[in-house]
Structures are given as structure tokens and as C-alpha cells.
Amino acid sequence: MRINRVVTRTGDGGNTALIGGERVSKASLRVDSYGEVDELNSCLGLAVASLRDPQVLELVHAIQHRLFTLGADLAAPEGVQVPRVQASHVEELEQVMEPLMDELPPLEEFILPGGGTAGATLHLARTIARRAERSTVALASHEPVNQHAIVYLNRLSDFLFVLARVVNKRQNQPETLADFSEKKARKSR
């Protein structure tokens with residue numbers, strides 16, 4: 001695919017074209033939904049900049065590619081032919097997540113998002129995935145949406161939480177346990 005022009009001026013009036021040609025407001029729920037998926041992908045790109053683990057890099061790159069499918073799925077109203085998120089994509093995430101969870105100690109308390117730069121960025125990506133999920137659920141309450149897209153976003157946020165913890169563990173970055181009192185936060189071992 002070759003993009004000839006970045007500046008088209010077609011969106012200057014506050015609307016944009018969906019895949020298939022329909023023009024909608026840039027404030028539409030559909031545009032919010034796929035825009036947040038784009039933001040998530042960019043956040044993962046930021047995480048890649050500080051990742052050194054080849055296995056994790058491969059996983060994150062695979063997710064970034066899948067997010068393009070998800071973005072197209074959300075940017076194309078029902079009936080428009082584009083690649084769509086499938087149940088098998090959710091299953092892939094679950095299968096990859098299982099051995100990663102085996103590396104981690106059981107989580108018995110809440111932890112603060114953080115750790116090293118890569119782990120903290122993956123925690124941020126998790127929150128963006130949750131926001132994209134909420135936007136997609138809101139969209140689904142008004143228009144037809146591929147339900148696999150919603151499930152994928154839900155599972156992806158779980159996956160990114162696990163991946164952030166694994167990255168921090170592999171980089172010897174301790175997790176900080178959330179302290180609900182006024183006492184100083186404690187580090188997990």
C-alpha cells in the first residue's frame with residue numbers, strides 16, 4: 001500500500017471517512033474506538049524502544065500487527081469487507097499468556113504500575129487497551145461491532161499486565177505493592 005499524500009484537507013471540517021467511504025464526525029464513537037487502538041499501538045512502539053528481550057519484542061511486534069487488523073475492523077462498518085478479529089486471535093493471546101504467567105509469583109495484592117521503563121510503558125499500554133475496550137463497548141451499544149474485537153481488547157489488557165510484570169521480573173525491577181494506608185509503599189520480593 002502506497003500513501004501518496006498525508007495532507008488531504010478532507011478532514012478540515014471535522015469529519016473523516018471510514019473504510020468503505022462513509023463520512024462521519026471525528027467525534028463519533030467509531031472514530032474514538034479505532035483512534036484509541038491506534039494510540040495503543042503507538043504506546044507499544046514506545047515500549048519497543050526500551051525492550052531488549054527478543055521473545056518479548058517478538059510478542060509485542062505481533063500484537064502491533066494484530067492491532068492494525070483490529071483498527072481496520074473497527075473503522076469498517078458492518079458489511080464492509082476487511083480483515084476482522086477472530087476468536088482464534090483471542091485464543092492465541094491466551095496460549096501465549098499461560099507460560100508467561102508461570103514465570104510470575106502469584107499476585108495476592110494490588111501492585112502499582114511501574115518498574116523499569118519497558119515495564120511501566122507496558123502498564124500504560126494496558127490502561128490504553130482498557131480505554132479502547134470501553135470505547136468499543138460504547139460503540140457496540142449504538143452500532144453493530146464484531147464481538148471478537150471487544151473480547152480481544154479485554155484479553156489484550158490482561159496480556160499486557162502479565163507482560164509488564166514479566167518484563168520487570170526479567171529486568172530485576174521490583175514491583176511496588178499498593179498500600180491503602182498512609183504508610184510508605186512496600187516492595188515485593
Of all heavy-atom pairs between P144 and R30, which one has the smallest distance, and what is that distance?
-> O-NH2, 3.4 Å

Which value, rounded to the nearest 0.5 Å, describes the distance between L67 atom CG and D73 atom CG?
-> 11.5 Å

Output the distance between atom CE (M101) and atom CZ (F161), rounded to the nearest 0.5 Å.
-> 11.0 Å

Does one hydrophobic cluster hold both L57 and L46, with members joined at side-chain heavy-atom distances below 4.5 Å?
-> no

ILVMFWY cluster, F68 and L44 together (side-chain gap under 4.5 Å) = no

Return the minimal non-hydrogen interatomic distance between V90 and H148, and the atom names on each side.
-> CG2-O, 4.1 Å

Return the set of residues passing side-chain contact (heavy atoms from CB on, under 4.5 Å) with A138 (not counting sequence neighbours), or none when no residue passes.
-> L29

May I ask you to test the Q55-R170 pair for a side-chain heavy-atom distance under 4.5 Å?
-> yes

Say whether, by atom type as modelled, one donor and one acceptor occur between the side chain of N168 and the main chain of G116 under 3.5 angstrom.
-> yes

Side-chain H-bond candidate by donor/acceptor type, R66 with H89, under 3.5 Å = yes

Does one side chain, of R23 or N15, offer a donor that lies under 3.5 Å from an acceptor on the other?
-> yes

Nearest-0.5 Å distance, CG of residue L40 to CG of residue L70 = 8.5 Å

Heavy atoms, side chains only, cut-off 4.5 Å: are P113 and L124 in contact?
-> no

In short, P99 meets Q95 closest at the heavy-atom pair CD-O, 3.1 Å

Between OG on residue S42 and CD1 on residue I128, distance to nearest 0.5 Å | 8.5 Å

Atom CD of E58 with >12 non-hydrogen neighbours under 6.0 angstrom | no

Kindly indicate, with the supporting measurements, whether the criterion salt bridge (charged side-chain N to carboxylate O under 4.0 Å, His left out) is fulfilled by K169 and E103.
-> CA-CA 9 Å; K169 183 173 187 269; E103 289 185 41; 5.4 Å; no

Starting at CG of N41, measure out to CD of E39 and round the result to the nearest 0.5 Å.
-> 11.0 Å

What pair of heavy atoms forms the shortest contact from Y152 to L93, and how long is it?
-> CE1-CD1, 3.4 Å

Approximate separation, where rounding is to 0.5 Å, of T127 OG1 and L122 CG = 11.0 Å

Would you name the heavy atoms of V48 and H61 that are closest together and state the gap between them?
-> CG1-NE2, 3.8 Å

Would you say E175's side chain and I111's backbone share a donor-acceptor pair under 3.5 angstrom?
-> no

Assess whether side-chain contact (heavy atoms from CB on, under 4.5 Å) is satisfied between D179 and L112, documenting all intermediate values.
-> CA-CA 9 Å; D179 187 350; L112 298 179; over 6 Å; no

Considering the options R126, R165, R130, which one meets the salt bridge (charged side-chain N to carboxylate O under 4.0 Å, His left out) requirement together with D158?
-> R130

Step by step, would you call V137 with I150 a side-chain contact (heavy atoms from CB on, under 4.5 Å)?
-> CA-CA 7 Å; V137 168; I150 294 170; 3.8 Å; yes

Report yes or no: does R84 contribute a side-chain atom to a donor-acceptor pair with the main-chain N or O of N146 at less than 3.5 Å?
-> no

Could you give me the CA-CA distance, side-chain angles and deciding distance for E91 and Q86, then say whether side-chain contact (heavy atoms from CB on, under 4.5 Å) is met?
-> CA-CA 9 Å; E91 293 165 8; Q86 307 293 321; over 6 Å; no

Does R134 reach the side chain of E36, with side-chain heavy atoms less than 4.5 Å apart?
-> no

Are any non-hydrogen side-chain atoms of L100 and L59 less than 4.5 angstrom apart?
-> yes

Would you say the side-chain atoms of D32 pair up with the backbone N or O of S135, donor to acceptor, closer than 3.5 Å?
-> no

Taking all non-hydrogen atoms of both residues, which atom of A129 and which atom of L160 are closest, and how far apart?
-> CB-CD1, 4.3 Å

